[in-house]
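Below you'll find the structure I mean.
Just the heavy atoms: all of them, side chains too, but no hydrogens, waters or symmetry mates, feed the values below.
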There are 2 protein chains.
Amino acid sequence: MAEGQKPTINDVARISGVSKKTVSRVINKSPLLGEATRKKVEAVIAELGFVPNLQARALAMGRNFLIGLIHDNPNAQMVLGVQEGILDTIRDTEFALVVHPVNRHSPTLADDIRRFIEQQRLYGVMLLPPLSERDDLAELCRDLGCTLVRMGSARLDDDEHLVASNDRQAVSEAVAWLVELGHTRIGFVAGPEGFRSANEREQGFLDGLAAAGLTLDPAIAARGTYRFESGKAAGEKLLSAAEPPTAVFSSNDEMAAGILHAARERGLNVPEDMSIIGFDDTATAAHIWPPLTTVRWPIRTMASTAAAKLIRPASAASEPSFFLSDLIRRASAVPHRS
Amino acid sequence: MAEGQKPTINDVARISGVSKKTVSRVINKSPLLGEATRKKVEAVIAELGFVPNLQARALAMGRNFLIGLIHDNPNAQMVLGVQEGILDTIRDTEFALVVHPVNRHSPTLADDIRRFIEQQRLYGVMLLPPLSERDDLAELCRDLGCTLVRMGSARLDDDEHLVASNDRQAVSEAVAWLVELGHTRIGFVAGPEGFRSANEREQGFLDGLAAAGLTLDPAIAARGTYRFESGKAAGEKLLSAAEPPTAVFSSNDEMAAGILHAARERGLNVPEDMSIIGFDDTATAAHIWPPLTTVRWPIRTMASTAAAKLIRPASAASEPSFFLSDLIRRASAVPHRS
DNA sequence: TTGTACGCGTTATCAA
DNA sequence: TTGATAACGCGTACAA
């Protein structure tokens with residue numbers, strides 16, 4: 001037997017007096033198997049502490065048990081939420097989660113991803129925004145024979161390969177909330193051009209205004225990069241307008257924090273002088289002052305569903321693809337004082 | 001040849017007219033090999049786009065190429081920094097990073113970790129605080145024949161299996177900075193009991209006070225859980241003291257944000273009425289108002305070094321084990337107004 | 001410097 | 001319902 005080594009299927013077979021194949025059947029829960037032999041083999045497995053070698057299985061079956069997560073760190077909280085969501089699904093399976101952060105501005109991005117998938121021979125991969133918006137990368141994964149699920153904020157793919165939040169509707173509801181609070185002069189800070197999420201949120205913002213019979217004054221609109229500094233710059237622009245907004249929607253929380261700083265540096269009070277709503281509900285949102293009203297999307301649930309679509313492709317289409325976000329009402333948005 | 005399939009080492013061998021073994025030598029960069037044959041084989045490999053099957057290699061070599069990261073989400077920013085650091089080291093190797101978030105309060109924690117390591121047959125694992133402080137878990141990893149590197153804030157292990165920040169010294173320097181700013185009544189918010197990092201930071205705080213000939217008044221000291229709410233509660237305690245502190249050191253940023261909220265709710269201004277210093281330099285630190293003076297430890301570099309120790313055990317001991325942290329001076333700590 | 005034969009631990013084929 | 005035997009793709013004695 002194995003001396004100090006890990007027991008193999010041969011050890012199990014010999015000790016329980018059956019063939020390798022029979023043990024294999026037990027492991028794989030084959031239906032056609034005598035109850036007695038099954039019990040017997042299971043006992044030996046437990047006694048020996050036998051754990052099937054996944055590398056060997058992978059080799060024999062021509063597929064392995066690795067799910068890849070490829071992203072360009074949109075935001076730490078989100079990436080971690082995704083990882084936890086995926087683990088929720090695969091925890092009691094043989095699958096494992098392999099992460100691969102990349103730099104989307106790298107000229108070797110595609111090669112980097114290709115190499116990762118080929119080398120590890122991934123079973124499936126999950127792409128996070130903004131990478132998930134690039135059809136060329138999606139095609140690359142497929143060419144490599146790797147199932148793919150994309151996470152995004154719009155219909156980037158068909159139901160079997162997508163989990164998405166309805167950003168457009170969520171933002172429109174956030175605007176409705178500002179309108180309900182009495183605001184009519186509402187500023188807007190957009191996300192970076194070329195980002196699908198930025199686009200969706202902008203559309204949602206305009207939807208919200210339109211529903212209230214309002215329009216956007218370009219003097220109180222700006223475009224940012226989703227980063228703090230750009231939010232601050234945008235805030236400065238909006239606040240220096242001839243007629244500043246009484247409320248602002250920022251396309252993400254980090255920029256909202258920047259807007260807050262811009263307001264503070266001008267000696268303005270938030271929310272008294274201006275209400276702010278963000279998007280993402282990052283950790284920062286609840287920790288800044290005032291606590292930020294923001295849109296929370298169910299990252300973990302979405303990621304968990306995405307993983308299910310990956311490891312059970314058969315039932316992928318029957319899993320939901322679209323998820324609703326919640327408006328988290330905190331102190332940064334208050335009634336307009338007329 | 002392979003029709004639609006991935007080329008194997010056999011294809012390469014046949015086409016280049018050499019034996020499998022020779023191709024294997026090329027792949028593994030064996031020194032004893034004719035330059036001519038090497039070139040020839042490399043050309044075929046490139047032409048075919050041959051990528052060695054890692055599962056097969058793993059099986060044949062009796063070891064695989066997976067590094068595990070086990071953690072209990074101490075903080076999203078940190079975990080992501082660690083992942084990026086590990087990737088910095090393994091990006092151009094055959095290794096991949098498998099992540100495994102766990103719940104340290106789960107009764108099945110040890111079994112969960114055991115199963116993860118055994119099932120995936122990990123080459124090595126990295127343990128993050130506070131899990132890294134548990135010797136039983138470290139022993140478990142070793143029993144499973146898995147090399148281990150622990151990340152922490154103190155000498156948890158020998159140089160080959162450790163990367164650590166010198167929290168104690170860093171905090172002592174932070175206190176020195178407050179003293180330099182003229183503060184003599186300095187409050188303290190500790191981290192949770194049983195956390196090595198909390199202990200180190202506390203010692204550093206006391207060191208700092210002692211160096212200035214000061215002592216800690218229990219009336220302006222409190223213990224938190226590293227979470228925001230606990231910081232807020234601690235802040236309330238300190239501020240309701242008969243003689244409140246003019247400056248506070250918080251054992252992490254999240255609690256510092258909580259202290260800020262407590263101050264705001266009492267109508268106090270920070271830093272005018274009270275200076276605050278935190279620890280970690282999370283994303284939030286720079287985004288709250290006022291921007292938080294805090295201690296930044298070189299997570300990414302540490303993680304990168306840790307990965308090097310894992311995949312190159314031979315040179316592990318020669319890599320540094322201790323890393324210096326920087327005090328990031330921002331607006332939340334200002335001179336004491338006398 | 002290169003090649004032959006076999007083993008790694010598992011699944012699949014096909015017959016019993 | 002079970003078992004003998006051949007794959008899976010690669011590394012390594014050992015020999016040439």
Side-chain angles (χ1 to χ4, degrees), chain A residues 1-42 44-45 48-66 94 118-121 123 145, chain B residues 1-42 44-45 48-66 94 118-121 123 145:
Chain A
M1 174 156 62
E3 312 291 351
Q5 296 300 316
K6 299 211 167 95
T8 74
I9 197 172
N10 291 308
D11 299 321
V12 178
R14 186 166 26 75
I15 295 179
S16 43
V18 298
S19 77
K20 255 165 47 161
K21 180 61 195 171
T22 301
V23 179
S24 172
R25 289 198 177 92
V26 173
I27 297 172
N28 294 294
K29 307 189 195 310
S30 160
L32 18 79
L33 230 174
E35 192 57 27
T37 30
R38 147 163 294 134
K39 290 280 184 213
K40 186 173 58 182
V41 174
E42 275 173 350
V44 175
I45 288 180
L48 256 49
F50 165 70
V51 179
N53 183 321
L54 276 188
Q55 272 73 38
R57 293 191 84 185
L59 182 58
M61 299 174 66
R63 51 160 278 205
N64 68 189
F65 305 92
L66 298 176
E94 345 177 56
E118 282 191 337
Q119 188 171 264
Q120 299 298 331
R121 285 191 159 61
Y123 177 77
Chain B
M1 172 152 69
E3 313 291 350
Q5 295 300 316
K6 299 214 168 94
T8 76
I9 197 172
N10 291 309
D11 299 320
V12 177
R14 186 165 28 72
I15 294 178
S16 44
V18 299
S19 76
K20 250 168 53 164
K21 178 57 193 172
T22 301
V23 178
S24 173
R25 287 199 178 93
V26 173
I27 296 172
N28 294 295
K29 306 191 197 311
S30 161
L32 18 82
L33 230 174
E35 192 56 28
T37 31
R38 150 162 292 136
K39 289 283 183 211
K40 186 173 59 180
V41 174
E42 274 174 350
V44 175
I45 288 180
L48 257 50
F50 166 69
V51 179
N53 183 322
L54 277 188
Q55 272 73 38
R57 295 192 82 192
L59 182 58
M61 298 172 66
R63 49 162 278 206
N64 67 189
F65 305 92
L66 297 177
E94 334 174 70
E118 281 189 339
Q119 189 171 264
Q120 299 298 331
R121 285 192 159 62
Y123 177 77

- Query: Rounded to the Å, how far apart are A/Arg63 CZ and C/dA12 C1'?
  - Reply: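 Computing the A/Arg63:CZ to C/dA12:C1' distance gives 15 Å.
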- Item | Any residue meeting ring-ring contact (aromatic ring centres under 6.0 Å, His included) with B/Phe50, in chain and number order, not counting sequence neighbours |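 B/Phe50 satisfies ring-ring contact (aromatic ring centres under 6.0 Å, His included) with no other residue.
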- Report the residues that fulfil salt bridge (Lys or Arg N to Asp or Glu O under 4.0 Å) with A/Arg121, sequence neighbours left out, ordered by chain and then residue number.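 Partners of A/Arg121 under the salt bridge (Lys or Arg N to Asp or Glu O under 4.0 Å) test: none.
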- For the helix from C/dT1-D/dA16 to C/dA16-D/dT1, what is the angle between the axes at its two ends, each from 5 pairs, rounded to 10°?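 About 30° separates the two local helix axes.
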- Message: Of all nucleotides in DNA chain D that come within under 4.0 Å of a heavy atom of chain B, which is furthest toward the 5' end and which toward the 3' end?
- Response: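 Terminal contacting nucleotides, 5' to 3': D/dG9 to D/dT12.
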- Closest heavy-atom contact between A/Val51 and B/Glu118?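 Result for this residue pair: CG2-OE1, 3.3 Å.
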- Partners of B/Ala56 by side-chain contact (heavy atoms from CB on, under 4.5 Å), sequence neighbours excluded?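 Once residues adjacent in sequence are excluded, the partners of B/Ala56 under the side-chain contact (heavy atoms from CB on, under 4.5 Å) criterion are A/Leu59, B/Asn53.
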- Task: Go along nucleotides 4-11 of chain C 5' to 3' and tag each nucleotide: B for a protein heavy atom under 4.0 Å from its base, S when only backbone or sugar atoms are that close, - otherwise.
- Result: B-BBBBBB
- Name all residues meeting the side-chain hydrogen bond (donor to acceptor under 3.5 Å, both in side chains) criterion together with A/Asn28; count only those two or more places apart in sequence or in a different chain, and write none if there are none.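 Only A/Ser24, A/Arg57 meet the side-chain hydrogen bond (donor to acceptor under 3.5 Å, both in side chains) criterion with A/Asn28.
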- Query: Does A/Glu94 offer a backbone N or O that forms a donor-acceptor pair with the side chain of B/Gln120 under 3.5 Å?
  - Reply: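 Yes.
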- Task: List in chain and number order the residues that pass side-chain hydrogen bond (donor to acceptor under 3.5 Å, both in side chains) with A/Ser30, two or more places apart in sequence or in another chain; answer none if no residue qualifies.
- Result: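 Applying side-chain hydrogen bond (donor to acceptor under 3.5 Å, both in side chains) to A/Ser30 gives none.
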- Message: Check whether B/Ser16 reaches the backbone of B/Val12 with its side chain - one donor and one acceptor, N or O, closer than 3.5 Å.
- Response: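 Between the backbone of B/Val12 and the side chain of B/Ser16 there is a qualifying donor-acceptor contact (under 3.5 Å).
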- Query: Between A/Ile9 and A/Lys20, which heavy-atom pair has the shortest distance, and what is it?
  - Reply: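 What the structure gives for the nearest pair is CD1-O, 3.7 Å.
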- Task: Mind checking side-chain contact (heavy atoms from CB on, under 4.5 Å) for A/Arg63 and listing every partner two or more places apart, or none if nothing turns up?
- Result: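 Testing A/Arg63 for side-chain contact (heavy atoms from CB on, under 4.5 Å), a comparison that skips the adjacent residues, returns A/Met61, A/Phe65, A/Phe95, A/Tyr123.
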- Query: Which is true for A/Gly62 with a 4.0 Å heavy-atom rule: it touches a base, it touches only sugar-phosphate, or it touches nothing?
  - Reply: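 Nothing: the residue A/Gly62, judged by heavy atoms under 4.0 Å, touches no strand.
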